[in-house]
Amino acid sequence: MTLIKTTYNRRSFFRTTALAGGGMMLGFSWLASCRPTPEQVKNMPKEWFNINAFLKIGDNGVVTIMSPNPEIGQNVKTAMPMIVAEELDVNWDDVVVEQAGLDTEKFTRQLAGGSQSIRQGWQSLRMAGATARAMLLAAAAQRLQVPVEELSTDAGVIKHEKSGQTLKYGEVASAAASVEVPEEVALKDPKDFKIIGTSRKNVDGPKIVRGEPLFGLDIYREGMLVAMIEHPPAFGMKLKSVDATEAKAMPGIKDVITIKSYPDGVERQWSDVNAFPELVAVVGNSTWEVMKAKKALKVEWEAAETLESSEDHEAELTRLLQQKPAKPARRDGNPEAAFRRAAQVIERTYSAPFLAHNPMEPMNFFAHVTPEKAELVGPVQTPEFLRKTVAAVLGMDEGQVSIMLTRMGGGFGRRLYGHFGVEAARISQQMQAPVKLVYTREDDMTQGTYRPAYKVMYRAALDGQGKLIGWHVRGAGVHGSPLFHNRFPAGAVDNYLVENHSLNSNISTGAWRAPRSNFIAFAEQSFLDEVAKAAGKDPIDFRLALFHRAIQNPVGKENDYDAKRYAGVLQLVRDKSGWGKEMPGVHRGVSAYFCHNSYVAQVVDVAMKDNQPTIQKVWCAVDCGIVVNPGSALNQIEGGIVDGIGHAMYSGLSFKAGKPDQSNFNTYRLIRHKEAPPEIETFFVDNGIDPTGLGEPSLPPIAAAVANAMAQATGERLYHQPFMVKTLTLEREIRSI
Amino acid sequence: MAIFQLVVNGKKQQVDVAPDTPLLWVLRDHLQLPGTKYGCGIAQCGACTVHLDGTAVRACSLPVSNVGDKKVTTIEGLSKNGDHPLQQAWIEHDVPQCGYCQAGQIMNAAALLNKNSKPTDEEIAEAMNGNICRCGTYLRIKAAIKTAASKLG
């Protein structure tokens, strides 16, 4: 085994304990090595670097790894322990993975979001495994009375080659608990990895396919009540009065109450986004009884603010795009002069609607609040923040609030905003009973933290030779512009201008899988396709020339992408897909994007079928560094592609006088089996670089690859999402442009 | 309220609920069988799919009073040891991401294979079109159904 040395101020990150029944327990910091952004630091709890994960080695050799990160389908519950097991050098079959609850003493950094789990955990997870291994080796050396250097490990067995003696990990685990944590530890050379880079199945797979209760909605406690909420029907409205006489008299109903989730004086954190802090709650014995009583409520609402409609947003965003903001986000060279001397100027506008997250498991949470403590159980991506808010709202110390995590039936960003946990706690407090709060699908969809509506205008200046000499983009969106001014093509164009506008709104918005990127990649990569065409260049060659420029002689110093890796995925997808080859009846589109520290390029093949453009195949090249669990990584990539196609083609949320027009899956279209591409082929760049994000990066570029292929097939460019409008009779038609 | 006699997963059960209570909530709230999921409540997503005498139905939109003497099968009762060829294929292909919709997907696929043991890709897509997977695991679902079909055949 080739070992590399790493120095680290390590002792503060580890804590060892002898297990009562024999064996050792090593506590460690799951994310000690993370290098957060200043924005993250602001929102980060003080205990971030504390001991927050555990590795147990029983005297029977079974290794238990407690995974503190919430599982929302990104499969970190499998991948992160794989990293520990790799450095520990054990058989994966001997590893048991457990989901840990939010423990005020032990677990601190527990957040799923930003595709950061693996990236940030990589170093510390490796070191945890390597540290435990070093301690086991030290204990074995003592037992066998041999120098530790003469020992090696393989699959949970320590070997002394000279004497032929062997010891299993379990045999020295108890002794290892009293070994001093080493100051330095050696990590494996990635080429010696045995677990990382091999496909390991989802540790919860068997439970999922048997329908075992894993999710928040599956929580059941003896004596538990079921609660549902009624929120204002429109953004900008609030509660006026409630007549619950009829509802209260219905069978199984305990009470109808009003709650204030965020009372005056309670400071809201970033995760407390919520448009409806005052709600009516119906509480009863069973879900159906409560659902029926909820329908019998007579509630009066009143407008407290402007009631916004989609037409208003559209008009406002259009108006903003016509205005020059006081200050550009970035300006290189002299864009105005470049556009004046251009041989050709291309200008296009792109837009997309609000989107709901729509995880298949609607929002829910269990809470049991007594005067002494609050016990919460449920699906949330930000348990630490929820605990802090719940403590403030209930007037308790954080130590009195416990949060247990369940598996999450999807999140896509929705479960970053834990108001439903706060609501459950308030209802339980008022009812003085254990309560499970359940949102109906309609409640879930009409009180979202939506992906905002966006609109951007792109302008490109080409000289007589078809060279891109000027780039100007002006972006506007609800609660912020979708643009990233230091991303490509920043650095690749001499004269470059990015301008942002933000539209205020009382509609609550938040992070939605690959925030901002999920829209802007579509606009930018669709536009580049048209610019390449206007320049008379192949769309891949045109992009590669820009990357070449950014590699050779970048404009500015603030470009936050690696042009070589960007070009690398584009070249890979070009070669693998046989781009440029004549394929009768097949129309192709390309797109590439960088986000969450990873690079993705895609080619989409479209054919005309029954006079409709139909996706035949998606080719995808990914550079996310080392791929920890390839089988599961492919699943994430494919899921992101299907998700991206679905939302670009079919989905959208619109408003009339503050009220969402869509409230369930009969009106809000999600992609279905028949619309998924029949084939996706993915290629990973093998470069040995530390792993980066995987849960999000395959989504942003796909919409443009589809739009560019559709344009080849039909001659019509797609500028506005969703591309397809499917009516209730399931007749499909291309949205008029 | 009324008394209903049901046969669920081969076991006789008795519940005292309102006649309009959907089978979904009888299973989840009264019989402690939470494997059948709530997704939309209007038969649009398929998360609540169960079998009535081997045919797939959406339990969220089926009042318990309409079940009659038909035998109800849920994901918990699809196979004795959780080893139905579809359940095995689901693990073999490592299908689930979040996993929430998968019980409904498996139940719908099982009903498809009951009727058509060798479905084509088009028949699979058609039969499964009422089951939404928000994580987008459709390709793996299709592959798993084909694997299971080949083992059944």
Side-chain angles (χ1 to χ4, degrees), chain A residues 71-75 199 201-202 204-215 217-218 220 226 251 286-289 291-292 358-362 407-412 438 440-442 631-632 635-636 638-643 646 664-666 670-674 676-680, chain B residues 1 17-18 20-22 24-26 28-30 32-42 44-45 47 74-76 78 82 84 86-88 90-92 94-103 106 121-122 124-142:
Chain A
E71 178 63 74
I72 55 175
Q74 79 282 46
N75 213 8
S199 295
K201 295 194 192 320
N202 186 334
D204 278 340
K207 288 180 183 166
I208 290 168
V209 304
R210 287 167 194 164
E212 290 184 27
L214 296 168
F215 301 93
L217 211 68
D218 302 340
Y220 175 79
V226 174
S286 71
T287 316
W288 182 245
E289 287 170 324
M291 265 185 189
K292 274 168 68 174
N358 292 328
M360 290 311 290
E361 180 192 19
R407 190 177 182 85
M408 292 176 241
F412 313 101
V438 178
T440 63
R441 173 57 58 191
E442 291 81 2
S632 166
N635 206 353
Q636 292 295 313
E638 290 169 7
I641 288 171
V642 172
D643 192 1
N664 206 324
F665 300 134
N666 54 344
L670 287 174
I671 191 167
R672 290 174 180 273
H673 276 269
K674 277 203 271 191
E679 193 184 352
I680 298 172
Chain B
M1 305 287 264
V17 296
D20 62 355
T21 308
L24 170 67
W25 299 111
V26 170
R28 291 185 58 86
D29 282 359
H30 302 276
Q32 267 70 57
L33 290 169
T36 307
K37 299 298 186 226
Y38 167 70
C40 69
I42 56 168
Q44 288 288 317
C45 78
T74 72
I75 187 72
E76 291 95 340
L78 179 64
H84 185 281
L86 281 165
Q87 288 166 311
Q88 291 181 25
W90 242 250
I91 289 175
E92 188 185 325
D94 209 15
V95 174
Q97 285 187 29
C98 88
Y100 191 80
C101 75
Q102 300 295 351
I106 291 170
D121 282 19
E122 288 69 29
I124 291 172
E126 190 66 45
M128 300 300 294
N129 213 42
N131 287 72
I132 296 173
C133 173
R134 179 65 184 79
C135 301
T137 64
Y138 295 130
L139 275 79
R140 288 193 177 204
I141 289 173
K142 188 166 69 182

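Please read all numbers here as calculations on a predicted model, not as lab measurements. By convention in this document, chain letters (A, B, ...) are assigned in the order of the sequence lines, proteins followed by strands, and residues within each chain are numbered from 1.
- Interface residue Ile91(B): backbone and side-chain heavy atoms are both found under 4.5 Å from chain A.
- Comparing Pro251(A), Gly409(A), Gly205(A) by how many heavy-atom pairs each has under 4.5 Å with chain B, the most go to Gly409(A).
- Under the side-chain contact (heavy atoms from CB on, under 4.5 Å) criterion, Thr137(B) pairs with Asn635(A), Val95(B), Gln97(B), Gln102(B), Cys133(B), Cys135(B), Ile141(B), sequence neighbours left out.
- The part of His30(B) that comes within reach of chain A is its side chain, from C-beta onward, which places non-hydrogen atoms under 4.5 angstrom from that chain.
- Contact annotation for Ile671(A): both backbone and side-chain heavy atoms come within less than 4.5 Å of a heavy atom of chain B.
- Distance alone, capped at 3.5 Å, is enough to place a donor-acceptor pair between the Lys37(B) side chain and the Pro34(B) backbone.
- Looking at Pro359(A), the atoms closer than 4.5 Å to chain B (heavy atoms on both sides) all sit in the backbone: N, CA, C or O.
- Side chain of Arg28(B) to main chain of Leu217(A): a donor-acceptor pair is present (N/O by atom type, distance under 3.5 Å, no hydrogens or angles).
- Looking only at distances, a side-chain donor or acceptor of Asn664(A) sits under 3.5 Å from a matching main-chain atom of Cys40(B).
- Proximity to chain B (any heavy atom under 4.5 Å) is shown, for Phe665(A), by both the backbone and the side chain.
- For a residue to count as touching a neighbouring chain, one of its non-hydrogen atoms must lie under 4.5 Å from one of that chain's; by this rule Lys207(A) does not touch chain B.
- With a 4.5 angstrom heavy-atom cutoff, Ile132(B) touches chain A via backbone and side-chain atoms both.
- Using a 4.5 Å cut-off between heavy atoms, Val642(A) touches chain B through its side chain atoms alone.
- Thr74(B) OG1 to Leu24(B) CG: the interatomic distance, rounded to the nearest 0.5 Å, is 11.0 Å.
- Contacts of Pro22(B) classified as side-chain contact (heavy atoms from CB on, under 4.5 Å), with partners at least two apart in sequence or in another chain: Trp288(A), Trp25(B).
- Distance alone, capped at 3.5 Å, places no donor-acceptor pair between the Arg140(B) side chain and the Pro96(B) backbone.
- When each of Ile208(A), Val438(A), Val226(A), Ile680(A) is checked for heavy-atom pairs under 4.5 Å with chain B, Ile208(A) comes out on top.
- Across Arg441(A), Glu679(A), Arg672(A), the residue that shares the most heavy-atom pairs under 4.5 angstrom with chain B is Arg672(A).
- Interface remark: Asp20(B) contributes backbone and side-chain atoms alike to the contact with chain A (heavy atom separation under 4.5 Å).
- Note: Tyr138(B) and His673(A) have tilted aromatic rings, judged against thresholds of 30 and 60 degrees for the angle between ring planes.
- Using a 4.5 Å cut-off between heavy atoms, Asp643(A) contacts chain B through its side chain alone, with no backbone atom that close.
- Within the 4.5 angstrom heavy-atom criterion, no atom of Ser199(A) approaches chain B.
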